[in-house]
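Each residue takes its place number in the sequence, starting with 1.
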Amino acid sequence: MYETKNPQLTPELYAYVLEHNPPLDPVQRGLVETTHRRLAGVAGMQTAEEQGPLLAFLVRLTGARQVVEVGTFTGFSTLSMAQALPEGGRLIACDISEEWTAVGREAWAEAGVADRIDLRIAPAIDTLRALPAGEWIDLVFLDADKESYVDYWEELVPRMRPGGLLVVDNTLYHGDVADPAATGGGAAVRAFNDRVRADDRVDDVLLTVADGLTLARRLP
């Protein structure tokens with residue numbers, strides 16, 4: 001029998017976590033609130049609040065200069081990573097919605113990082129296939145349609161530099177991945193997790209952060 005050491009994440013404990021993480025700056029906070037105000041019905045698609053500082057931390061930790069994001073929504077994760085990029089750093093953001101990303105564009109401009117972000121509105125698989133070949137991407141954040149995760153993975157891994165980091169969100173998919181009879185997104189993420197575990201091009205770890213977060217490092 002497996003025993004978890006994770007405490008139950010009560011609202012009080014979650015608030016404590018946020019209080020002991022780097023605080024969101026005014027532009028980040030405004031973007032979170034604007035997303036919930038303008039897009040209340042789909043605001044749950046926004047990256048978890050604690051993941052913004054985490055993504056920024058990972059950009060700085062890896063020294064990433066070339067970042068690719070698959071799935072932008074209103075751009076909270078985009079903003080967090082772009083702010084952490086060094087001078088000359090570049091982030092390619094892939095999404096299909098002009099409406100949702102327009103919210104992000106406002107915040108990116110307000111934060112003074114719009115010039116670091118190359119937003120590409122098109123099916124992400126087409127954008128990825130059009131990227132230059134070779135090993136040049138330093139960091140990836142994947143948080144898009146779960147049924148296409150394996151396809152995105154196969155386009156991204158060959159383009160990662162040795163030591164480059166892939167960060168994949170929702171890899172627990174509300175707990176559905178533990179069910180062999182899962183369907184839909186749960187089945188897709190379950191298959192993706194199996195693909196990552198079997199991929200000898202990377203080493204990886206699956207974490208119980210938010211709805212599950214996989215970190216995978218491209219091996220030399």
Side-chain angles (χ1 to χ4, degrees), residues 45 47 51 54-73 75 77-82 84-97 101 104 116-173 177 185-207 209-220:
M45 293 172 58
T47 304
Q51 288 178 294
L54 174 61
L55 289 168
F57 179 86
L58 292 174
V59 169
R60 292 190 293 265
L61 179 68
T62 59
R65 300 181 63 84
Q66 300 291 338
V67 175
V68 174
E69 177 182 65
V70 185
T72 296
F73 188 45
S77 54
T78 325
L79 174 61
S80 300
M81 292 187 288
L85 283 171
E87 187 71 28
R90 193 77 171 161
L91 189 157
I92 296 173
C94 308
D95 207 278
I96 56 172
S97 175
T101 56
R116 303 179 184 181
I117 300 168
D118 178 3
L119 176 62
R120 302 189 183 185
I121 301 294
I125 195 65
D126 295 338
T127 298
L128 297 181
R129 287 172 177 163
L131 293 177
E135 300 174 344
W136 58 276
I137 302 174
D138 299 313
L139 187 142
V140 159
F141 182 50
L142 174 55
D143 183 17
D145 55 302
K146 312 314 171 192
E147 288 77 5
S148 298
Y149 264 23
V150 171
D151 293 334
Y152 298 147
W153 179 264
E154 296 302 339
E155 294 299 326
L156 289 162
V157 172
R159 293 177 168 87
M160 300 299 299
R161 66 164 176 80
L165 183 66
L166 298 105
V167 183
V168 188
D169 204 9
N170 302 116
T171 48
L172 293 180
Y173 202 77
V177 293
V189 176
R190 183 180 169 93
F192 171 77
N193 291 341
D194 290 343
R195 174 69 188 101
V196 174
R197 271 282 70 208
D199 197 330
D200 61 8
R201 298 171 296 178
V202 302
D203 58 4
D204 61 282
V205 61
L206 172 56
L207 304 173
V209 174
D211 189 32
L213 195 71
T214 292
L215 304 181
R217 181 179 66 98
R218 177 69 195 273
L219 296 172

Which atom of [X] lies closest to which atom of [Y], heavy atoms considered:
X      : Y      : result
Asp145 : Ser148 : OD2-OG, 2.5 Å
Trp153 : Val168 : CZ3-CG2, 4.4 Å
Ala56  : Ser80  : CB-O, 3.6 Å
Val189 : Asn170 : CG1-O, 3.6 Å
Ala93  : Thr78  : CB-CG2, 4.2 Å
Pro220 : Pro162 : CA-CB, 3.9 Å

List the residues meeting salt bridge (Lys or Arg N to Asp or Glu O under 4.0 Å) with [X], not counting sequence neighbours, and say none if there are none.
X      : answer
Arg120 : Asp118
Arg116 : none
Asp211 : none

First locate atom [atom1] of [X], then atom [atom2] of [Y], and finally report the distance between them rounded to the nearest 0.5 Å.
X      : Y      : atom1 : atom2 : result
Met81  : Leu85  : CE    : CG    : 8.5 Å
Thr47  : Phe141 : OG1   : CZ    : 4.0 Å
Glu147 : Tyr152 : CD    : OH    : 9.5 Å
Leu142 : Leu166 : CG    : CG    : 8.0 Å
Ser97  : Ile121 : OG    : CD1   : 7.0 Å
Ile137 : Ile92  : CD1   : CD1   : 7.0 Å

- Item | Given Asp204, Val196, Thr214, Val209, the one that forms side-chain contact (heavy atoms from CB on, under 4.5 Å) with Thr171 | Thr214
- Just jot down the side chain to side chain contact (heavy atoms under 4.5 Å, CB included) partners of Glu155, sequence neighbours excluded, or say none. Ile125, Leu128, Arg129, Arg159
- Message: According to side chain to side chain contact (heavy atoms under 4.5 Å, CB included), who are the partners of Ile96, at least two apart in sequence or on a separate chain?
- Response: none
- Under a 4.0 Å N-O cut-off, is there an ion pair linking Lys146 with Asp143? yes
- Query: Can we say Arg217 and Asp203 salt-bridge, meaning some charged N sits less than 4.0 Å from an Asp/Glu carboxylate O?
  - Reply: yes
- Heavy-atom check, side chain of Leu206 versus side chain of Leu172, under 4.5 Å: yes
- Would you say the side chain of Trp136 lies within less than 4.5 Å of the side chain of Leu131, judging by non-hydrogen atoms? yes
- Considering the options Arg65, Arg161, Gln66, which one meets the side chain to side chain donor-acceptor pair (under 3.5 Å) requirement together with Asp138? Arg161
- Task: For Glu154, enumerate each residue passing the side chain to side chain donor-acceptor pair (under 3.5 Å) test, keeping only those at least two apart in sequence or located in another chain.
- Result: Arg195, Arg201
